[in-house]
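Below is one structure, written out as structure tokens, with a few remarks after it.
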Amino acid sequence: MTLLGGAPLETELLKQVLALAPVLVAADSGADTALAAGYRPEAVIGDMDSLSDAARRQLGSGVLHKVTEQDSTDFDKALDRIAAPIVLAVGFTGARLDHELAVYNALVRHRAGAAIVIGESDLAFHAPRHLRLDLPVGTRLSLFPMRAMRGTSTGLRWPIDGLALAPDGRVATSNAVRTSPVTLALDGPGMLAILPRTQIRPAVRALWPGAGDVPAR
């Protein structure tokens, strides 16, 4: 499933993601972005504080799922209410930094692999405790811990074995694939994996076993 937020994005990126996950849901003003690009979301989820009146009229009340509480973001609200093996989220990066940081916070509070957040140049997801990624040698693979944690790896240029990782301490960004596949074994949840946007398909295949038929290119 594709989840569309209200941050600016390339129409080509939305088209690329919809080719992989054709069911479109919007988070609040993401519906305006969808309609402007020629797409009609099947549902709109959020507090509706930024959805335009024009989009409300065009979509109709049956598509709108208003969540009035203000203790979570629209991204969080949408993930809580979407039942899908994996969500490809676009339109959540590149605008307000506080909003983007809240997205990554929400990622690690939901189950590992629940969503891939895709931006203009990179993608990020909450890594499961055991992860295997089939990536081209030399691909940049950054690991950013959102809590104190440890793990082991194979296939990385700089292994994480024996390292104490923490958001306010040592992180493992700007790593790269030395041999493929790369494997990670983590001592718990909370690790963000960050890849170039070009690696959407390998990321989907790694997180969703049912996506085995997704082509490599």
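We're numbering straight along the sequence, starting at 1.
Annotation: salt bridge (Lys or Arg N to Asp or Glu O under 4.0 Å) contacts involving residues 160-169, sequence neighbours excluded, are absent. Counting only residues at least two apart or on different chains, the salt bridge (Lys or Arg N to Asp or Glu O under 4.0 Å) pairs with a member in residues 113-122 are Asp122-Arg140. A salt bridge (Lys or Arg N to Asp or Glu O under 4.0 Å) check over residues 79-97, counting only residues at least two apart or in different chains, returns the pairs Arg96-Asp98.
Under the 3.5 Å distance criterion, the side-chain polar atoms of Thr2 are matched with a main-chain donor or acceptor of Ala21. Remark: side-chain polar atoms of His126 are paired, donor with acceptor, to backbone N or O of His110 under 3.5 angstrom. Side chain of Asp134 to backbone of Pro202: no donor-acceptor contact under 3.5 angstrom is found. Judged by distance alone, with hydrogens and angles left aside, the side-chain atoms of Ser52 form a donor-acceptor pair with the main-chain N or O of Ala55 at under 3.5 Å. Under the 3.5 Å distance criterion, the side-chain polar atoms of Lys77 are left unmatched by any main-chain donor or acceptor of Asp28. Remark: the backbone N or O of Leu135 is paired with a side-chain donor or acceptor of Ser180 at under 3.5 angstrom. At least one donor-acceptor pair under 3.5 Å links the side chain of Asp74 to the backbone N or O of Asp47. With Glu69 contributing its side chain and Asp71 its backbone, the two residues share a donor-acceptor pair below 3.5 Å. No side-chain donor-acceptor contact under 3.5 Å links Arg201 to the backbone of Leu20.
Thr73 meets the side-chain contact (heavy atoms from CB on, under 4.5 Å) test with Phe75, Asp76, Ala102; sequence neighbours excluded. Under the side-chain hydrogen bond (donor to acceptor under 3.5 Å, both in side chains) criterion, Thr152 pairs with no residue, sequence neighbours left out. With sequence neighbours excluded, the residues that form a side-chain contact (heavy atoms from CB on, under 4.5 Å) with Ala26 are Ala31, Pro41, Val44.
Linking ILVMFWY residues whenever their side-chain heavy atoms come closer than 4.5 Å, directly or via other members, leaves Leu141 and Ile194 in distinct clusters. Hydrophobic clustering of Ile, Leu, Val, Met, Phe, Trp and Tyr side chains at less than 4.5 Å, counting indirect connections, unites Val177 with Leu123. Under the 4.5 Å side-chain heavy-atom criterion for ILVMFWY residues, a single connected hydrophobic cluster contains both Val204 and Leu24. Criterion: ILVMFWY side-chain heavy atoms under 4.5 Å apart, direct or through other members. Under it, Val117 and Leu13 are not part of a common hydrophobic cluster. The hydrophobic clustering, which links ILVMFWY residues whose side-chain heavy atoms are closer than 4.5 Å, places Leu186 and Leu195 together.
Between Arg178 and Leu156, the shortest heavy-atom contact is NE-O, 3.5 Å. Leu184 approaches Ser153 most closely through the heavy-atom pair CD2-CB, 3.7 Å. In this structure, Leu207 and Pro128 approach most closely via the heavy-atom pair CD2-CD, 3.7 Å. Between Ala115 and Leu79, the shortest heavy-atom contact is CB-CD2, 4.0 Å. Of all non-hydrogen atoms in Ser174 and Trp158, the two that sit nearest each other are O-CZ3, 3.5 Å. When every heavy atom of Glu42 is checked against every heavy atom of Val63, the shortest pair comes out as O-CG1, 3.7 Å.
Here the CG atom belonging to Leu131 is positioned 5.0 Å from the CZ atom belonging to Phe125, to the nearest 0.5 angstrom. From Asp187, atom CG reaches atom CZ of Arg147 across 5.0 Å, with rounding to the nearest 0.5 Å. Atom CG of Asp49 is separated from atom CD of Gln70 by 6.5 Å, given to the nearest 0.5 angstrom. The structure places CD1 of Ile82 at 4.5 Å from CD1 of Ile45, a figure rounded to the nearest 0.5 Å. Gln16 CD to Ile200 CD1: the interatomic distance, rounded to the nearest 0.5 Å, is 4.0 Å. If you take CG on Leu3 and CD1 on Ile116, they are separated by 13.0 Å, rounding to the nearest 0.5 Å.
Considering Leu97, Asn105, Val103 in turn, Leu97 is the only one that fulfils the side chain to side chain contact (heavy atoms under 4.5 Å, CB included) rule with Leu101.
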Inset, instruction - Evaluate the side-chain contact (heavy atoms from CB on, under 4.5 Å) criterion for residues Leu165 and Leu143: first the C-alpha distance (whole Å), next the side-chain angles of each, then the deciding distance (0.1 Å), finally the verdict. - result: CA-CA 10 Å; Leu165 303 173; Leu143 300 173; 5.7 Å; no
Inset, instruction - Please step through side-chain contact (heavy atoms from CB on, under 4.5 Å) for the pair Leu133 and Gln199, ending with a clear verdict. - result: CA-CA 10 Å; Leu133 284 162; Gln199 302 306 314; over 6 Å; no
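Using a 4.5 Å heavy-atom threshold, the side chains of Val17 and Ile118 count as touching.
The number of heavy atoms from other shown groups lying within 6.0 Å of CZ (Arg170) does not exceed 12.
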